Student: 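Take a look at the following structure, please.
Everything quoted here is computed from the prediction, not taken from an experiment.
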Amino acid sequence: MDIVSIKDLEDCFDGSFIKELLFSEPVTEDFIYYLGKNCHLAYYSNFARPFYKIESSLYVIKGVEGNLTARVTLYEKESITHIEEYIKNFKGGDSHFKD
């Protein structure tokens, strides 16, 4: 999984930054569990459009399984580098991330 582009959506008054990530392929359940591995993960797979929200102390990632995009709220602008590096390490089919 690669990030194809990062689009600036807005900078908030509280100092956070909102970005939209465009991925090279649709978001899968395995990818969602990978992203949420060391964070708080809310994943609603039974919704008609399966929604996920991943919260850490540095960012929040929200999106829908099967989409090519996700929305990220960064509490520190530099956090995007952490997210990019983490996503580069994802190997598809790593379903062992489920608890």
Side-chain angles (χ1 to χ4, degrees):
M1 177 76 72
D2 294 312
I3 297 174
V4 175
S5 69
I6 300 172
K7 180 179 175 183
D8 292 326
L9 296 183
E10 65 182 274
D11 295 341
C12 300
F13 291 113
D14 67 357
S16 62
F17 309 91
I18 301 176
K19 312 278 187 196
E20 182 178 75
L21 305 180
L22 175 63
F23 300 113
S24 58
E25 49 194 277
V27 172
T28 64
E29 181 180 53
D30 288 340
F31 183 62
I32 292 167
Y33 280 108
Y34 173 76
L35 290 176
K37 184 178 178 194
N38 295 312
C39 304
H40 174 70
L41 170 62
Y43 176 44
Y44 304 97
S45 60
N46 57 335
F47 283 15
R49 298 185 68 215
F51 174 79
Y52 62 92
K53 181 178 181 181
I54 298 157
E55 297 180 80
S56 82
S57 60
L58 301 174
Y59 54 82
V60 175
I61 302 174
K62 294 190 243 182
V64 174
E65 180 184 347
N67 281 4
L68 287 170
T69 60
R71 187 165 287 205
V72 180
T73 302
L74 303 167
Y75 301 123
E76 297 176 11
K77 204 168 199 171
E78 299 77 26
S79 300
I80 195 68
T81 304
H82 169 78
I83 294 169
E84 288 177 294
E85 290 301 316
Y86 191 69
I87 288 172
K88 283 181 188 177
N89 292 320
F90 175 70
K91 307 292 184 236
D94 289 345
S95 60
H96 64 276
F97 292 108
K98 297 177 191 176
D99 290 331

Student: Closest approach of F23 and M1, non-hydrogen atoms and distance?
Tutor: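 Shortest heavy-atom separation between F23 and M1 comes out as CB-SD, 3.5 Å.
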Student: Output a table of donor-acceptor pairs, distance under 3.5 Å, between side-chain atoms of residues 53-65 and any protein atom two or more places apart or on a different chain; print 'none' if there are none.
Tutor:
unit_1 : atom_1 : unit_2 : atom_2 : d
S56    : OG     : L58    : N      : 3.0
S56    : OG     : Y59    : N      : 3.2
E65    : OE1    : Y43    : OH     : 2.3

Student: List in chain and number order the residues that pass salt bridge (charged side-chain N to carboxylate O under 4.0 Å, His left out) with E78, two or more places apart in sequence or in another chain; answer none if no residue qualifies.
Tutor: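 Here no residue qualifies.
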Student: I'd like to check the ring pair (Phe, Tyr, Trp, His ring centres under 6.0 Å) partners of F51; sequence neighbours left out, ordered by chain and number.
Tutor: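 Testing F51 for ring pair (Phe, Tyr, Trp, His ring centres under 6.0 Å), a comparison that skips the adjacent residues, returns none.
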Student: Are Y44 and Y52 connected, step by step, through hydrophobic side chains (Ile, Leu, Val, Met, Phe, Trp, Tyr) whose heavy atoms are closer than 4.5 Å?
Tutor: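 Hydrophobic grouping puts Y44 apart from Y52.
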Student: Roughly how far apart are I87 CD1 and L35 CG, rounded to 0.5 Å?
Tutor: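 The CG atom of L35 is 5.5 Å from CD1 of I87, to the nearest 0.5 Å.
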Student: Same cluster for I32 and Y86 if Ile/Leu/Val/Met/Phe/Trp/Tyr side chains link at under 4.5 Å?
Tutor: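 Yes, it is one cluster - the side chains of I32 and Y86 are joined through contacts under 4.5 Å.
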Student: Hey, what do you get for CG (L68) to CG (L22), rounding to the nearest 0.5 Å?
Tutor: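 It comes to 6.0 Å.
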Student: Not counting sequence neighbours, which residues clear side chain to side chain contact (heavy atoms under 4.5 Å, CB included) with E20? List them please.
Tutor: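 E20 satisfies side chain to side chain contact (heavy atoms under 4.5 Å, CB included) with K7, L9, T69 once adjacent residues are dropped.
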Student: Mind checking what makes side chain to side chain contact (heavy atoms under 4.5 Å, CB included) contact with I6, not counting sequence neighbours?
Tutor: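 For I6 the side chain to side chain contact (heavy atoms under 4.5 Å, CB included) partners, ignoring immediate neighbours, are I3, K19, L21, I80, E84.
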